[in-house]
**Student:** 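Got a structure here, written out as structure tokens. Questions coming.
None of the values given here were measured: they were computed from a predicted structure. Start at 1 with the first residue, then count along the sequence. Atoms within each ligand, like the ligands themselves, are counted from 1 in listed order.
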Amino acid sequence: MYGTKKLTGHIHYVGVNDRTSYKFEQLWSLNHGVSYNSYLILDEKVALIDTVEIGFADVFLEKIESLLDGRSIDYLVVNHMEPDHSSSIAIIKNRYPEMKIIGNSKTISMIEGFYGITGNEIEVKEGDTLDLGYHKLSFVFAPMVHWPEVMMTYDETEHVLFSADAFGCFGTLDGGIIDEDMNCDKYWPEMYRYYAAIVGKYGSPVQKILQKLSQHEFSMICSLHGPVWKKYISEAVTIYDKLSRYDGEEGVVIAYGSMYGNTEEMAEAIAYSLVNNGIKKVIMHNMSKSDPSQVLSDVFRYKGLIIGSPTYSNELFPEVKSLIDKIQTRDLKNRIYGYFGSFTWAGAAVKHLAVVGEKLKWDIVEPSVEMKQGINEDIIAKCYELGEAMAEKLKHS
Ligand code: FEO
């Protein structure tokens, strides 16, 4: 059936595409949609690996049934309980009541908590195995990547990793399922954006699971979102490794708020200085317009960050404050940080921005620049100085 794909002799893709939701988690824009992936293993025993978002349960069931050809499902392996993957569990369970649900103790508790389902579960522990006949599955726990119950399922027979959210990205699967069958250009930026928005806080757990996985070899990585990685396994793993180490590339994000364009003039002067001092990658985000998930993505990707804000009711400009809140929630590390701000009658923005850098223990670039009302030669000179100092630190970091 279209929309399914045989990945190996017994392993089939049975996921779905969401091109209707505007936002993932009702927070993060889905300009390229998202796929909810699921996998069916038709062995002597039949195992389904995860389910899909409930709005797509009809299409999902149709795909499964077309492949089952009258057989039943013996096991549902639940690697992750976030409802974009678990909300069809009850429907599948009703259709296949004899099916055993495989999960760890946290998973089983969440299945009862979310869906009221109890009984017929098999609790697994780290390293336990499940024999399907030809395929032998083992379970690798990945707590906090990015929920506490998360585990991965490793097919020891054909070295296929079912990796839960890890190595996933936004973007629907438009006809192709496996990376080697399609042009993957659209998925790489969507992987940065997905990581920054969804996984960003959990760098240390991601590093731990990467360490665990380094003992295995992989023929394919089957994430819950985005393409099945086969040709580009190393590229996908490298991006997750780099981001979870908070290892920024050379480049600077200037994220600013500006009500009437005065603070923006400071941002323009700083950007000019950065480029004139050899920084080729400068990304400017007007926080009233830019997509917050794209800003986060860029902030995670590049090592230099300069934030600017006008003073607004003795506080930071609300959209700048919102960005800082998102960054602090993710405990972003290892950034080279500069800041600037403006005021009309009483300055507060620059003081607030100073605290941000100290709290996150970032490497702070001097000078910070504070402007009263409109720009003048003295402020422009200081903005140039800030850009030059940031460029110097970046080149020597
Ligand atoms: Fe795709 Fe954490 O859910």
**Student:** Would you name the N/O/S atom of D165 that lies closest to atom 1 (Fe) of ligand 1?
**Tutor:**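 Restricting D165 to its N, O and S atoms, the minimum distance to atom 1 (Fe) of ligand 1 goes to OD1.
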**Student:** Under a 3.5 Å cutoff, is there a donor and acceptor pairing between the side chains of E319 and S288?
**Tutor:**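 Per modelled atom types, E319 and S288 side chains form no pair under 3.5 Å.
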**Student:** To make sure I understand the geometry: which N, O or S atom in E82 is closest to atom 2 (Fe) of ligand 1?
**Tutor:**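 Going through the N, O and S atoms of E82 one by one, OE1 ends up nearest to atom 2 (Fe) of ligand 1.
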**Student:** Suppose you place the vertex at atom 1 (Fe) of ligand 1; what is the angle out to H85 NE2 and H225 NE2, to 10°?
**Tutor:**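 That angle works out to 90° after rounding to 10°.
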**Student:** Of the non-hydrogen atoms in N376 and I379, which two are nearest, and what is the gap between them?
**Tutor:**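 Taking N376 first and I379 second, the nearest heavy atoms are OD1-N, 2.9 Å.
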**Student:** Would you say the rings of F218 and W229 are close, in the sense that their centroids are separated by under 6.0 Å?
**Tutor:**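 No.
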**Student:** Could you check whether T20 and D18, counting side-chain N and O atoms only, form a donor-acceptor pair closer than 3.5 Å?
**Tutor:**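 Looking only at side-chain atoms, T20 and D18 do form a donor-acceptor pair, the distance falling under 3.5 Å.
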**Student:** Looking at D84, which of its N, O or S atoms is the nearest one to atom 1 (Fe) of ligand 1?
**Tutor:**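 Distance check against atom 1 (Fe) of ligand 1 picks out OD2 in D84.
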**Student:** Run the numbers on C222 and L7 for side chain to side chain contact (heavy atoms under 4.5 Å, CB included), then give the verdict.
**Tutor:** CA-CA 10 Å; C222 300; L7 304 179; 4.0 Å; yes
**Student:** To the nearest 10 degrees, could you say what angle atom 2 (Fe) of ligand 1 makes with NE2 of H80 and NE2 of H146?
**Tutor:**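 Between NE2 of H80 and NE2 of H146, the angle at atom 2 (Fe) of ligand 1 is about 110°.
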